[in-house]
Amino acid sequence: MKPGKRILITGAAGFLGSHLCDRFIREGFYVIGMDNLITGDLRNIEHLFSLENFEFYNHDVSKFVFVAGPLDYILHFASPASPIDYLKIPIQTLKVGSLGIHNLLGLARSKKSRILIASTSEVYGDPTVNPQPEEYWGNVNPVGPRGVYDEAKRFQEAMTMAYHTFHGLETRIVRIFNTYGPRMRLNDGRVLPAFIGQALRGEDLTVFGDGSQTRSFCYVDDLVEGIYRLLFSDYALPVNIGNPDEITIREFGEEIIKLTGTRQKMIYKELPTDDPKQRRPDISKARQLLEWEPKVGRAEGLKITYEYFKSLPEQEIKHKDFTYYNNK
Ligand code: UDP
């Protein structure tokens with residue numbers, strides 16, 4: 001669509017960042033990937049290294065960011081993004097959402113780039129309205145375990161809007177709901193890799209609380225399509241991108257048991273502090289502004305994702321400790 005245009009993607013070696021790199025490469029962009037590899041994994045983008053229109057910098061965007069040459073677009077996707085990650089590295093999570101976004105907005109301003117930032121349904125906290133429209137302000141505990149992520153992302157949105165209104169910068173904000181697909185980290189603690197990993201190891205599936213809490217899972221290709229459309233729209237306020245097909249965690253566990261054919265059962269563990277009770281995106285805005293809606297149903301998406309996890313090396317599947325497996 002924009003051949004020859006140059007785009008910087010932060011968090012390029014992560015789950016979403018790597019899929020975005022693939023998409024923009026496919027569309028003919030020159031892609032500059034950046035990642036400090038704390039939670040990212042170079043295996044997600046190693047197939048791109050031989051391409052002429054891809055380069056990669058191992059850099060922490062919380063420190064001053066320099067990119068030589070012109071830059072048309074920036075996608076800011078660098079951040080730890082699972083509860084386990086931000087419990088383990090809370091300060092880095094806060095820094096990438098605050099110092100990091102400041103650096104990237106400054107870069108966007110100096111290069112006259114359009115910047116899209118990855119925000120999250122976590123800005124709604126433990127929501128008291130369901131589904132969540134963009135106008136809902138949220139119910140967030142700033143000092144709970146999720147506060148470091150939620151407040152960093154809320155600050156990031158505020159900072160981005162300030163650059164938009166004060167400096168006239170072209171900005172876009174996507175609020176991403178639970179997303180899944182190949183290249184998720186098997187040991188990132190999220191429910192989907194947790195359940196599939198447990199099934200593959202022949203362990204019981206650990207449901208937190210009574211499993212009545214809900215989530216709505218979006219397949220990664222649908223999410224990438226929504227982000228692509230948002231970048232090229234002219235809308236600067238936040239837009240929810242996610243799949244509104246809501247399910248309880250208990251029902252989700254049953255689906256994983258069926259999918260994997262495991263003989264294990266679900267066991268119940270303590271519900272983590274501030275775990276949202278319900279989450280479902282209101283996607284009216286995306287439907288109307290971007291003519292976007294998800295296309296991949298859970299049955300299809302889960303099958304592809306299961307095949308991916310099954311194809312991982314045996315020792316990685318067995319490595320169930322929640323540390324970073326590959327490069328740490
Ligand atoms: N969860 C669970 N078992 C696990 C991991 C997570 O029951 O092994 C629950 C978790 O408490 C939450 C939901 O699954 O209610 C989704 O958790 P996840 O960490 O994937 O993402 P969140 O949407 O909470 O950020």
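Just follow the structure's listing: the first ligand is 1, and inside any ligand the first atom is 1.
Applying the 4.0 Å criterion to heavy atoms of Glu122 picks out, from ligand 1, the atoms 25 (O). Of all atoms in ligand 1, listed by their number and element, those nearer than 4.0 Å to a heavy atom of Val207 are 7 (O). Taking every heavy atom of Pro83 and a limit of under 4.0 angstrom, the matching atoms of ligand 1 come to 19 (O), 25 (O). Distances below 4.0 Å separate heavy atoms of Ala194 from the following atoms of ligand 1: 8 (O). Within ligand 1, the atoms closer than 4.0 Å to a non-hydrogen atom of Ile249 are 7 (O), 13 (C), 14 (O), numbered from 1 in the order shown.
The part of Asn178 lying near ligand 1 is the side chain, judged by heavy-atom distances below 4.0 Å. By the criterion of a heavy-atom distance under 4.0 Å, the side chain of Asp275, and not its backbone, is placed next to ligand 1. Contact annotation for Val191 and ligand 1: heavy atoms of both the backbone and the side chain come within less than 4.0 Å of the ligand.
In this model, no donor atom of one side chain and acceptor atom of the other lie less than 3.5 Å apart for Gln278 and Thr214.
The closest approach between Ser82 and ligand 1 stays at or above 4.0 Å for every heavy atom of the residue. Ligand 1 has at least one atom lying under 4.0 Å from a heavy atom of Arg146. Not a single heavy atom of Lys269 sits under 4.0 Å from any atom of ligand 1.
Salt-bridge annotation for Arg183 and Asp41: absent, with no side-chain N of the basic residue lying under 4.0 Å from a carboxylate O of the acidic one. Using a 4.0 Å cut-off between charged side-chain N and carboxylate O, Glu157 and Arg175 make a salt bridge. Checked for salt-bridge contact, Arg23 and Glu225 meet the test: a charged N lies under 4.0 Å from a carboxylate O.
Using the six-membered ring where Trp is involved, Phe24 and Tyr228 have ring planes that are tilted, between 30° and 60° apart.
Taking CD1 of Ile74 as the reference point, atom CG of Leu105 lies at 8.0 Å (rounded to 0.5 Å). Between the CZ atom of Phe77 and the CG atom of Leu8 there is a distance of 12.0 Å, given to the nearest 0.5 Å. Distance check: Ile101 CD1 to Ile115 CD1 gives 4.5 Å after rounding to the nearest 0.5 Å.
Counting protein heavy atoms only, atom 8 (O) of ligand 1 is closest to Thr206 OG1, 3.0 Å. For atom 1 (N) of ligand 1, the closest heavy atom belonging to the protein is Phe208 CD1, 3.4 Å. Closest protein heavy atom to atom 9 (C) of ligand 1: Gln213 NE2, 3.9 Å.
Polar contact with ligand 1: present for Arg215 (N/O pair, distance under 3.5 Å). Checked against a 3.5 angstrom limit, the closest N/O atoms of Leu192 and ligand 1 fall outside it.
When ring centroids are compared, Tyr308 and Tyr180 stay outside the 6.0 Å threshold.
Both Leu116 and Phe232 are assigned to one and the same hydrophobic cluster, defined by single-linkage of ILVMFWY side chains at heavy-atom distances under 4.5 Å.
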